[in-house]
Asker: 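First the structure, then my questions, so here it is.
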Amino acid sequence: MQQSKRESDVRTTESDAGAESLDFIRQIVTDDVARGAKVATRFPPEPNGYLHIGHAKSIVLNFGIAEEFGGTCNLRFDDTNPTTEEVEYVDSIKEDVRWLGYDWGEREYFASDYFDKLHELAVQMIRDGKAYVCELSKEEAAEFKGDYYRPGRESPYRARSVEENLALFERMRRGELDEGAAVLRAKIDMQAPNMNLRDPPMVRVIKRPHHRTGDTWCIYPTYDWTHGQSDAFEGITHSLCTLEFEDHRPLYDWFLDQLALPARPRQIEFARLNVSYTVLSKRRLITLVREGHVDGWDDPRMPTLCGLRRRGYPPEAIRKFCERVGIAKSEGVVDVALLEHAVREHLNETAPRVMAVLDPLKVVITNYPEGEEEEFEAPYHPQDPSYGSRKVPFSRELYIERDDFREVAPRKWHRLSPGAEVRLRYACLIRCVDVIKGDDGEIKELHCTWDPESRGGKSPDGRRVRGTSHWVSANHAVPATVRLYDRLFNTPNPTAGGADLTASLNPDSLEVRQGMMEPSLRSAAPGSRWQFERLGYFTVDSANSRPDKPVFNRTVTLRDSWARIERRNS
RNA sequence: UGGGGCGUCGUCAAGUGGCAAGACACAGGGUUUUGGUCCCUGCAUCCUAGGUUCGAAUCCUAGCGCCCCAGCCA
């Protein structure tokens with residue numbers, strides 16, 4: 001139940017006959033490498049929130065390319081805005097990247113480590129007449145900027161002398177100017193059709209302590225002024241980011257053009273990940289947490305990496321999913337079924353099988369001696385003997401799944417019903433002879449007989465028994481809390497047309513049951529992943545499970561073709 | 001009335017002028033002590049309209065549709 005070995009590096013989309021087909025970024029990188037270039041990428045999260053599966057796409061891309069081309073990938077925190085950033089997030093981000101299976105070694109950087117250098121470069125930009133201190137208020141600045149259809153006007157402060165700019169910038173640095181009172185702008189072109197080039201702010205006053213630099217600064221560089229230069233400082237060759245930064249690229253390049261930096265990074269944009277039946281924007285995830293629709297950032301229904309981890313999603317499956325989704329420039333929504341498939345695929349190979357009953361219905365084997373018991377050998381994995389086996393106790397009173405019995409059997413029903421015979425997995429064949437009901441008409445228990453010749457579950461005379469039920473011995477059963485998670489939303493695109501998120505919340509995204517498990521599960525470790533036969537994959541909750549009060553989270557159900565038949569018939 | 005992108009199966013996604021990969025989903029069949037897994041089978045003429053060419057998803061032209069940009073957020 002150990003994995004660790006990374007599947008062979010996937011650098012090509014899956015295709016026939018091994019015909020290689022690289023995504024457009026890998027094609028570019030391949031060409032560059034052919035010309036003798038080195039490869040250095042970076043994953044640049046802002047420490048102001050938890051990582052989610054959308055970030056995983058970027059992580060897998062950046063670290064993946066570095067691995068495949070013999071390059072490096074830095075982890076760089078883009079911490080230029082002390083208003084929203086905190087150490088707590090730095091720690092969780094590191095934990096999540098590590099959990100996904102990536103190691104950045106010594107290459108851990110912070111944009112805040114470059115504040116000094118960036119400041120020197122800003123001074124140089126002023127000296128070169130390429131930047132100026134602007135004292136327009138925010139409102140005025142917006143007015144001067146123009147709009148999509150009208151060019152902007154030049155700030156009255158644009159023509160200041162180098163000396164005056166230097167002096168004012170120094171005053172900004174010393175905290176003599178209030179937030180909003182002044183900003184350092186790049187002197188580019190107020191007429192530019194690309195709004196990003198209309199004298200964008202480079203440095204602004206923010207009088208707040210920074211999680212790393214403390215009170216050293218009260219002015220902070222903007223994203224645009226920081227990112228490309230940071231890339232250059234680190235020798236990044238390919239700076240991969242999402243599509244919304246595409247029209248920042250001219251600015252990214254402009255800054256690099258003005259400075260004599262040792263390296264020349266190149267920004268390339270790709271489409272961010274969207275997944276159906278969930279949301280991935282930071283704002284909306286915060287809403288879910290704040291309004292109490294979920295239990296927190298690591299609620300197993302959240303698409304955050306910590307949430308998926310608690311849900312039992314294996315990191316290998318998340319990586320595989322990201323690789324399958326591919327890298328391109330068209331924005332779309334990936335079917336969550338693709339993610340679930342990757343999870344099942346990995347868990348099918350790696351999760352040991354055990355039995356647990358989530359909605360117990362008592363079965364009395366009337367021809368089995370009272371007080372007696374025996375054990376049956378049950379393998380942990382039907383396809384892989386190396387997983388070994390365990391013994392499962394059997395006795396006169398058992399529990400089966402209430403859903404595995406029908407008083408009147410529908411068409412094609414293979415499971416138990418009055419007079420019918422089914423197999424108890426790895427145990428024996430039983431036939432239902434009586435249905436015991438309470439006064440309310442509810443089925444209390446089933447009386448069955450077993451065929452002692454069928455020990456192990458084999459058909460002694462070759463008679464056909466199509467149904468197999470999972471079961472647990474009543475006296476030996478270990479009670480456990482089982483949380484059945486489902487999709488958080490019941491519409492494919494919860495935010496379509498600016499819809500209210502809460503309108504499409506799935507009211508049944510969590511159902512808590514008291515289940516009965518086979519005794520071998522008593523020692524299941526937190527975080528371990530199991531298949532409850534015929535039900536799904538489950539993991540021991542890492543936060544709430546205790547040895548005396550186990551809690552299991554359902555990761556994902558098994559494919560259920562019977563449910564599908566029923567759905568179709570109704 | 002501006003700038004930047006994108007438009008190939010239900011969903012992602014290959015394809016870079018020569019008969020439209022693959023995956024998921026879906027449908028049908030086989031194996032099966034999980035109605036699981038596994039194994040077969042089926043499932044698109046490429047936003048539209050013109051044009052170039054022996055030949056176009058790929059080139060040209062004109063449209064149409066969708067996304068992003070007016071934070072001193074990233």
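Here is the naming used below: chain letters follow the sequence lines, and residue numbers restart at 1 for every chain. What's counted below: heavy atoms across the whole structure, side chains too, no hydrogens, waters or symmetry copies.
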Asker: What's the closest nucleotide to the Asn348(A) side chain, out of U37(B), A74(B), G4(B)?
Answerer: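 Of the options given, the side chain of Asn348(A) lies nearest U37(B).
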Asker: Which value, in whole Å, describes the distance between the C1' atoms of nucleotides C47(B) and A56(B)?
Answerer: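 Straight-line distance between the two C1' atoms is 16 Å.
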Asker: Phosphate oxygens OP1/OP2 of G4(B): is one of them under 4.0 Å from a side-chain N or O of Arg249(A)?
Answerer: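 For Arg249(A), the contact criterion (side-chain N or O under 4.0 Å from OP1 or OP2 of G4(B)) is not met.
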Asker: Counting primed atoms plus P, OP1 and OP2 as sugar-phosphate and everything else as base, spell out the protein contacts along nucleotides 64-72 of chain B at 4.0 Å heavy-atom distance: B, S or - for each nucleotide, 5' to 3'.
Answerer: ---SSBB-B
Asker: Given A13(B), U34(B), G35(B), which nucleotide is nearest the side-chain atoms of Trp562(A)?
Answerer: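 Selected nucleotide (nearest to the side chain): G35(B).
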Asker: Applying a 4.0 Å non-hydrogen cut-off, can you work out what Glu533(A) is touching in the nucleic acid: base, sugar-phosphate, or nothing?
Answerer: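 Base, at least one base heavy atom under 4.0 Å.
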Asker: With sugar-phosphate meaning primed atoms plus P, OP1 and OP2, does Arg559(A) contact a base, only sugar-phosphate, or nothing at under 4.0 Å between heavy atoms?
Answerer: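 Arg559(A): backbone/sugar contact only, no base atoms under 4.0 Å.
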Asker: Has Arg425(A) got a side-chain N or O lying under 4.0 Å from the OP1 or OP2 atom of U34(B)?
Answerer: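 Indeed, a polar side-chain atom of Arg425(A) lies that close.
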Asker: Can you tell me the Watson-Crick or wobble partner of C26(B), both distances under 3.5 angstrom?
Answerer: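 Paired with G42(B).
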Asker: Need one value for His414(A): base, sugar-phosphate or nothing, where a base atom within 4.0 Å counts as base even if backbone is also close, heavy atoms only.
Answerer: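 Base contact - His414(A) has a heavy atom under 4.0 Å of at least one base atom.
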Asker: Does a nitrogen or oxygen in the side chain of Arg564(A) sit under 4.0 Å from OP1 or OP2 of C26(B)?
Answerer: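 Result: yes.
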Asker: Enter the distance from Phe376(A):CZ to Lys391(A):NZ here, rounded to the nearest 0.5 Å.
Answerer: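 It is 11.0 Å, given to the nearest 0.5 Å.
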Asker: So what does Pro492(A) touch, heavy atoms closer than 4.0 Å: a base, only the sugar-phosphate, or nothing?
Answerer: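 Here Pro492(A) touches no strand at all.
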Asker: Mind checking Gln383(A) for me? I need base, sugar-phosphate or nothing, with any heavy atom below 4.0 Å counting as a touch.
Answerer: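 Base contact.
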Asker: Please determine if a side-chain N or O atom of Arg324(A) lies less than 4.0 Å away from the OP1 or OP2 oxygen of A13(B).
Answerer: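 Answer no for this pair, as no side-chain N or O of Arg324(A) is under 4.0 Å from OP1 or OP2.
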